[in-house]
Amino acid sequence: MSSVPRVCSACGAASAWDARFCQQCGRPLGENATLPRYYGVLSPGPAFVLGVVLLSAFLIALVAGSVVAAILLLAFAAIAFVFFYGAARRNPGDPVARRIFATAHKVRGWATFARASTTAWMRALRDVVRLRRESRSLRREREPTLRSLGAAAYREDEPLVKELRDRVREIDDELAKREEARSEALAAARRHVDDEREAAQSTQRFSVDDIESGGDSEE
């Protein structure tokens with residue numbers, strides 16, 4: 001005799017192992033459990049297929065140049081998708097509705113990831129371009145400064161040699177700072193992209209069978 005409780009797939013409540021119906025919502029338990037039927041209402045699967053067909057017909061009519069037919073087909077497609085959404089809300093356990101909503105959630109997550117990644121890399125690219133432009137300006141100043149330093153050292157003009165040497169050192173420090181800032185901008189963009197990618201990954205979910213058996217499954 002098993003002591004493992006039976007978990008309702010509709011509300012998640014636990015019942016006795018030999019119970020045939022959920023003590024919380026009254027839904028059938030086990031293999032004989034059936035999804036509720038809504039008479040007179042289009043189920044999520046056919047409603048979604050009808051919406052896709054009407055949307056495809058809208059595109060064909062639009063390409064063919066039939067504007068009035070395209071507008072009507074688009075309106076009917078929108079109504080079909082509204083019916084699909086309503087049917088899915090009434091019957092969230094429908095496999096077609098669950099699969100479509102899960103796919104839409106994944107697509108939305110990856111679209112957010114793509115937008116955030118593009119923004120991060122564009123910002124980093126602007127910073128890198130600015131830093132490289134400043135570095136080129138500093139290098140253009142450094143070359144004549146070195147030549148002047150050599151001439152001053154040849155003339156043994158110690159005050160000028162010290163001044164020019166200090167300026168070369170300042171330029172080198174500024175170049176090093178800009179190189180460090182460039183590396184940090186690229187590293188920050190990579191970290192941001194990695195964070196967004198991790199957020200877009202599918203989370204681990206547990207099914208009713210996994211809860212009953214004590215096992216894990218990753219969807």
TODO: Measure the shortest side-chain to side-chain distance between Leu54 and Phe58 over non-hydrogen atoms and say whether it is less than 4.5 angstrom.
DONE: no
- [ ] Indicate, with yes or no, if Val193 and Trp110 share a hydrophobic cluster defined by side-chain heavy-atom contacts under 4.5 Å among Ile, Leu, Val, Met, Phe, Trp and Tyr.
- [x] yes
Open item on the list: Give me the atom names and distance for the closest heavy-atom approach of Ala152 to Leu160.
Closed with: CB-CD2, 3.7 Å
TODO: Determine whether Phe84 and Val49 make a side-chain contact, defined as any pair of heavy atoms from C-beta on separated by less than 4.5 Å.
DONE: no
Task: Phe81 atom CZ, over 12 foreign heavy atoms within 6.0 Å - done: yes
Open item on the list: Walk me through whether Phe83 and Leu50 qualify under side-chain contact (heavy atoms from CB on, under 4.5 Å).
Closed with: CA-CA 10 Å; Phe83 283 151; Leu50 178 61; over 6 Å; no
- [ ] Verify the neighbour count for atom OH of Tyr85: are there more than 12 heavy atoms of other residues, nucleotides or ligands below 6.0 Å?
- [x] no
Task: Any pair counted as salt bridge (Lys or Arg N to Asp or Glu O under 4.0 Å), so long as it reaches residues 140-153, sequence neighbours left out - done: Glu141-Arg167, Arg142-Asp172
- [ ] Salt-bridge test for Arg191 and Asp194: reply yes if a basic N is under 4.0 Å from a carboxylate O, no otherwise.
- [x] no
Open item on the list: For the CD atom of Glu196 and the OG1 atom of Thr119, what is their distance to the nearest 0.5 Å?
Closed with: 9.5 Å
Open item on the list: Just verifying a value: how many Å separate Arg169 CZ and Leu164 CG, rounded to the nearest 0.5 Å?
Closed with: 11.5 Å
Task: Joint hydrophobic cluster, Phe76 plus Leu59, side-chain heavy atoms closer than 4.5 Å - done: yes
- [ ] Could you tell me whether the side chain of Val52 reaches within less than 4.5 Å of the side chain of Ser56, counting heavy atoms only?
- [x] yes
Task: Minimum side-chain heavy-atom gap Arg190-Trp121 below 4.5 Å - done: yes
TODO: Indicate yes or no: at least one non-hydrogen side-chain atom of Asp127 is less than 4.5 angstrom from one of Arg130.
DONE: yes
Task: Ser183 side chain vs Glu179 backbone, donor-acceptor pair below 3.5 Å - done: yes
Task: Hydrophobic cluster of Leu138, others only, ordered by chain and residue number, side-chain cut-off 4.5 Å - done: Ile171, Leu175
- [ ] Kindly compute the distance separating CG (Leu55) from CD1 (Ile60), expressed to the nearest 0.5 Å.
- [x] 10.5 Å
Open item on the list: Less than 4.0 angstrom from a charged side-chain N to a carboxylate O is my criterion; do Lys162 and Asp166 meet it?
Closed with: yes
- [ ] List the atom of Gly51, the atom of Ala77, and the distance in Å for their closest heavy-atom pair.
- [x] O-CB, 3.9 Å
Open item on the list: Tell me whether the count of non-hydrogen atoms from other residues, nucleotides or ligands lying under 6.0 Å of CD in Glu180 goes above 12.
Closed with: no
TODO: Supply the atom-to-atom distance Arg197 CZ to Ser117 OG, rounded to the nearest 0.5 angstrom.
DONE: 6.5 Å
Task: Minimal non-hydrogen separation, Val161 against Ala153, with atom names - done: CG2-N, 3.5 Å
Open item on the list: Just so I know, are the side chains of Leu146 and Pro144 near enough to count as touching, which here means a heavy-atom distance under 4.5 Å?
Closed with: no
Task: Between CG on residue Leu149 and OG1 on residue Thr145, distance to nearest 0.5 Å - done: 9.0 Å
Open item on the list: Restricting to non-hydrogen atoms, name the atom on Ala61 and the atom on Leu73 that form the minimum distance, rounded to 0.1 Å.
Closed with: CB-CD1, 4.0 Å
TODO: In plain terms, say whether Glu174 and Arg178 are close enough for a salt bridge, that is, a side-chain N and a carboxylate O under 4.0 Å apart.
DONE: yes
